Amino acid sequence: MTWRLILAGALLAVCLCGCQQKMADQPSFQPLEPFAFFADNRSARPLPRGTVARGQLHLDPAVYAGRKTWDGRNVALSEPAPEAGSERAKKFDENRDFVEEFPVAVDEDLIRHGRDRYSIYCSVCHDALGTGRGKIVERGYTKPPSYHIPRLREASVGRLFAIVSEGYGSMPSYAGQIPVEDRWAIVAYVRALQVSQHFPLAELDDKQREEVRLAKSP
């Protein structure tokens, strides 16, 4: 009886070792690791066209595209940003479907969150004040226009959101890096930044006017 138990235990151990070996020896890849099996040499595969992950059915074009309708939306966000002066850029510029009002609630917390996200993703190009003199611009990257020129001060919030989402000119799409809620927070902060740099001095109190004076003094 004893030898039978020993034999059964040995067989069980062998079987368990075999299972462990097969389970441990599976093909796996590190993030961004190349894989020659696919034509694009990428191991990470894109989602099949038309699939929607649970909880990600985007029905509201105002929230998810910055537009009143889905017409004219750049559906293929993986495409390169429209080049300035191109036909795609012309259609983008002529689009009158961008929303004028924020489709999300804007409060102090959202603007503060937008400032934090702006500091991470935007200030390297647009600088802290939004004048387009960021650090990578100093190192040769294309200088973006200042947020404070009339064209961008008058731009709708939907257009600003669409540019962050889809890219424009030398600016790539940030849809893959920045969630929708954070993109709206950034747009809210940019709008607050624009107001702050053009606020009527007559409406400031004495302390605020003194702060402006000190900020502008050499």
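Nothing here was measured: the structure is a model prediction, and the numbers come from that model.
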Under a 3.5 Å distance rule, please check whether Q194 uses its side chain to pair with a backbone N or O of Y147 as donor and acceptor. yes
Scan for salt bridge (charged side-chain N to carboxylate O under 4.0 Å, His left out) pairs involving residues 116-127, sequence neighbours excluded, and state none if there are none. none
R159 to Y168, cation-pi by 6.0 Å centre distance and 45° axis angle: yes
So F38 and F35, would you call those rings parallel, tilted or perpendicular, with 30° and 60° as cut-offs? perpendicular
If we count only N and O atoms by modelled type, under 3.5 Å, do the side chains of T131 and R133 hold a donor and an acceptor together? yes
Where do D205 and Q208 land on the side chain to side chain contact (heavy atoms under 4.5 Å, CB included) test, with the steps shown first? CA-CA 5 Å; D205 58 32; Q208 291 170 330; 3.1 Å; yes
What verdict does the salt bridge (Lys or Arg N to Asp or Glu O under 4.0 Å) test give for D206 and R209, after you've listed the backbone C-alpha separation in whole Å, the side-chain angles of each residue and the deciding distance to 0.1 Å? CA-CA 5 Å; D206 293 339; R209 278 195 288 269; 2.7 Å; yes
Any donor-acceptor N/O pair, W184 side chain to V63 backbone, under 3.5 Å: yes
Identify the heavy atoms of H113 and A185 that sit nearest to each other, and give their distance. CD2-CB, 3.9 Å
Return the set of residues passing ring-ring contact (aromatic ring centres under 6.0 Å, His included) with F98 (not counting sequence neighbours), or none when no residue passes. F92
Strictly below 4.0 Å, N to O, side chains only: are E166 and R67 in salt-bridge contact? yes
Could you pull out the closest heavy-atom pair between Q177 and S173, with the gap in Å? OE1-O, 3.7 Å
With clusters defined by side-chain heavy atoms of hydrophobic residues (ILVMFWY) lying less than 4.5 Å apart, directly or transitively, does F161 cluster with W70? yes
Taking S43 for its side chain and P34 for its backbone only, find out whether a donor-acceptor pair lies under 3.5 Å. no
Within this structure, what is the OH-CG distance for the pair Y189 and D182, rounded to the nearest 0.5 Å? 15.0 Å
Non-hydrogen side-chain atoms of S146 and L152 separated by less than 4.5 Å: no
Closest approach of H148 and L129, non-hydrogen atoms and distance? NE2-O, 2.7 Å
Evaluate the criterion side chain to side chain contact (heavy atoms under 4.5 Å, CB included) for residue pair I136 and C125; output intermediate values, then yes/no. CA-CA 6 Å; I136 67 171; C125 282; 3.2 Å; yes
Could you tell me whether E33 atom CD has more than 12 heavy atoms of other residues or ligands within 6.0 Å of it? yes
Shortest non-hydrogen contact from L110 to A188? CD2-CB, 4.1 Å
Output yes when a side-chain donor or acceptor of R153 lies under 3.5 Å from a complementary backbone atom of R151, and no otherwise. no
Mind running side chain to side chain contact (heavy atoms under 4.5 Å, CB included) on V106 and R191 for me, showing each step along the way? CA-CA 11 Å; V106 178; R191 196 54 105 206; over 6 Å; no
In terms of hydrophobic clustering (I, L, V, M, F, W, Y; side-chain heavy atoms under 4.5 Å; direct or indirect links), are I120 and V180 co-clustered? yes
Search all heavy atoms of A175 against all heavy atoms of S165 and return the closest pair with its distance. CB-O, 3.5 Å
Does E138 CD have over 12 foreign heavy atoms under 6.0 Å away? yes
Tightest non-hydrogen contact, residues A62 and P103, listed as O-CG, 3.5 Å
Is there a chain of hydrophobic side chains (I, L, V, M, F, W, Y, each step under 4.5 Å between heavy atoms) that links Y174 to V137? no
Please determine whether residues I149 and M171 belong to a single hydrophobic cluster, defined as Ile, Leu, Val, Met, Phe, Trp and Tyr linked transitively by side-chain heavy-atom distances below 4.5 Å. yes
Any salt bridge linking E210 with K207? Criterion: basic side-chain nitrogen under 4.0 Å from a carboxylate oxygen. no
Side chain D97, main chain T69, donor-acceptor under 3.5 Å: yes
State whether the side chain of S196 and the backbone N or O of L193 hold a donor-acceptor pair below 3.5 Å, judged by distance alone. yes
For H58 and A65, indicate whether the former's side chain and the latter's backbone hold a donor-acceptor pair under 3.5 Å. no
Please walk me through it: do V190 and V187 pass side chain to side chain contact (heavy atoms under 4.5 Å, CB included)? CA-CA 5 Å; V190 168; V187 173; 5.6 Å; no
